[in-house]
Participant: 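Mind having a look at this structure? Questions to follow.
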Amino acid sequence: MAYTMKTEGMDEISRMLSQLGESAQAAASAGLYEGAGVMAGEMAAGVAGIKTSPFKYTVFGTRAPSPEEKAVLEGAVGIAKFDKNGSEVDTSVGFASAGYAEVAGRRKPIAQIANAINSGTSFMQKQPFVRKTVRAGSKKAEAAIVAAIEKRIDEITK
């Protein structure tokens with residue numbers, strides 16, 4: 001004995017899936033935008049936690065960053081332009097394209113200042129604020145990305 005099954009609503013599901021396929025990159029971009037904003041906020045908070053001391057010439061490995069170096073980083077946290085490759089969307093948060101700043105009478109790349117503070121140098125103790133920021137902010141950024149994508153998908157499917 002043969003059983004027959006009849007499905008209803010397949011046209012609606014097919015339409016919904018095709019709409020999702022067409023707008024997947026836009027939904028991913030919206031989610032990434034939200035997540036990058038959260039991570040940039042976390043990075044700014046990490047920069048605010050850097051310990052400083054007034055600039056002075058010291059023996060190797062004992063100097064902390066100057067307040068001027070910290071102030072340069074506070075205003076330089078940024079989100080890179082989105083890179084769209086097919087269905088993928090990428091960006092980065094940090095200091096890579098932040099430019100240059102005048103510190104102690106010398107013009108220095110802001111990314112180099114951030115790297116010196118984060119990794120340390122022969123004359124400066126390291127303060128790994130980037131690693132701590134990524135560890136603390138990843139879950140928050142992922143949650144923001146998922147929430148934004150789910151919101152966008154709900155808007156599309158309704």
Side-chain angles (χ1 to χ4, degrees), residues 4-53 64-103 107-121 124-158:
T4 60
M5 295 177 63
K6 184 176 181 182
T7 59
E8 295 178 6
M10 291 301 290
D11 292 335
E12 183 179 324
I13 292 173
S14 176
R15 180 187 55 78
M16 182 179 65
L17 289 174
S18 67
Q19 284 178 339
L20 285 176
E22 294 168 359
S23 58
Q25 191 177 42
S29 294
L32 187 60
Y33 181 78
E34 293 295 324
V38 168
M39 190 56 83
E42 289 290 321
M43 186 70 72
V47 169
I50 294 173
K51 297 175 185 146
T52 65
S53 66
S66 69
E68 294 83 16
E69 290 170 321
K70 179 180 175 179
V72 165
L73 294 185
E74 286 175 337
V77 176
I79 300 171
K81 183 178 175 183
F82 284 21
D83 182 25
K84 299 178 181 180
N85 297 336
S87 63
E88 294 181 3
V89 183
D90 297 324
T91 191
S92 62
V93 176
F95 309 96
S97 298
Y100 292 82
E102 188 89 17
V103 177
R107 190 168 181 225
K108 295 182 179 180
I110 294 173
Q112 183 181 27
I113 295 168
N115 190 46
I117 294 170
N118 188 60
S119 300
T121 65
M124 185 185 306
Q125 294 175 342
K126 72 177 183 175
Q127 295 186 44
F129 68 96
V130 174
R131 181 187 64 217
K132 290 177 182 178
T133 297
V134 170
R135 191 172 357 133
S138 291
K139 297 245 188 260
K140 295 175 190 175
E142 287 176 21
I145 290 169
V146 168
I149 290 174
E150 286 177 350
K151 180 183 175 192
R152 181 65 72 104
I153 288 173
D154 287 343
E155 290 172 359
I156 292 168
T157 57
K158 289 182 181 181

Participant: Do you know the tightest heavy-atom contact between V72 and I113?
Facilitator: CG1-CD1, 4.3 Å

Participant: Ignoring hydrogens, what is the shortest heavy-atom contact between A144 and V38? Give both atom names and the distance.
Facilitator: CB-CG2, 3.7 Å

Participant: Could you tell me the separation between the CE atom of M39 and the CD atom of E142, rounded to the nearest 0.5 Å?
Facilitator: 8.0 Å

Participant: Taking all atoms of both residues into account, what is the closest heavy-atom pair of E42 and K140, and its distance?
Facilitator: OE2-NZ, 3.1 Å

Participant: Which heavy atom in P67 sits nearest to a heavy atom in S53, and how many Å separate them?
Facilitator: CD-O, 3.4 Å

Participant: With rounding to the nearest 0.5 angstrom, report the CD to CD distance, E68 to E102.
Facilitator: 11.5 Å

Participant: When you measure from the side chain of E69 to the backbone N and O of V103, does any donor-acceptor pair fall under 3.5 Å?
Facilitator: no

Participant: Does the K70 side chain pair with the main chain of I50, one donor and one acceptor, at a distance under 3.5 Å?
Facilitator: yes

Participant: So, using side chain to side chain contact (heavy atoms under 4.5 Å, CB included) as the criterion, who are the partners of Y33 when residues are at least two apart?
Facilitator: F82

Participant: State the CE-OG distance between M124 and S66, to the nearest 0.5 angstrom.
Facilitator: 7.5 Å

Participant: Check whether any side-chain heavy atom of E34 sits under 4.5 Å from a side-chain heavy atom of K151, and report yes or no.
Facilitator: no

Participant: Where do T121 and A116 come nearest, in terms of heavy atoms and distance?
Facilitator: CG2-CB, 3.7 Å

Participant: Mind running side-chain contact (heavy atoms from CB on, under 4.5 Å) on F95 and V47 for me, showing each step along the way?
Facilitator: CA-CA 11 Å; F95 309 96; V47 169; 3.7 Å; yes

Participant: To the closest 0.5 Å, what do you measure between CD1 (I117) and CG (L73)?
Facilitator: 4.5 Å

Participant: Work out which heavy atom in G35 is nearest to a heavy atom in A141; give both atom names and the distance.
Facilitator: O-CB, 3.6 Å

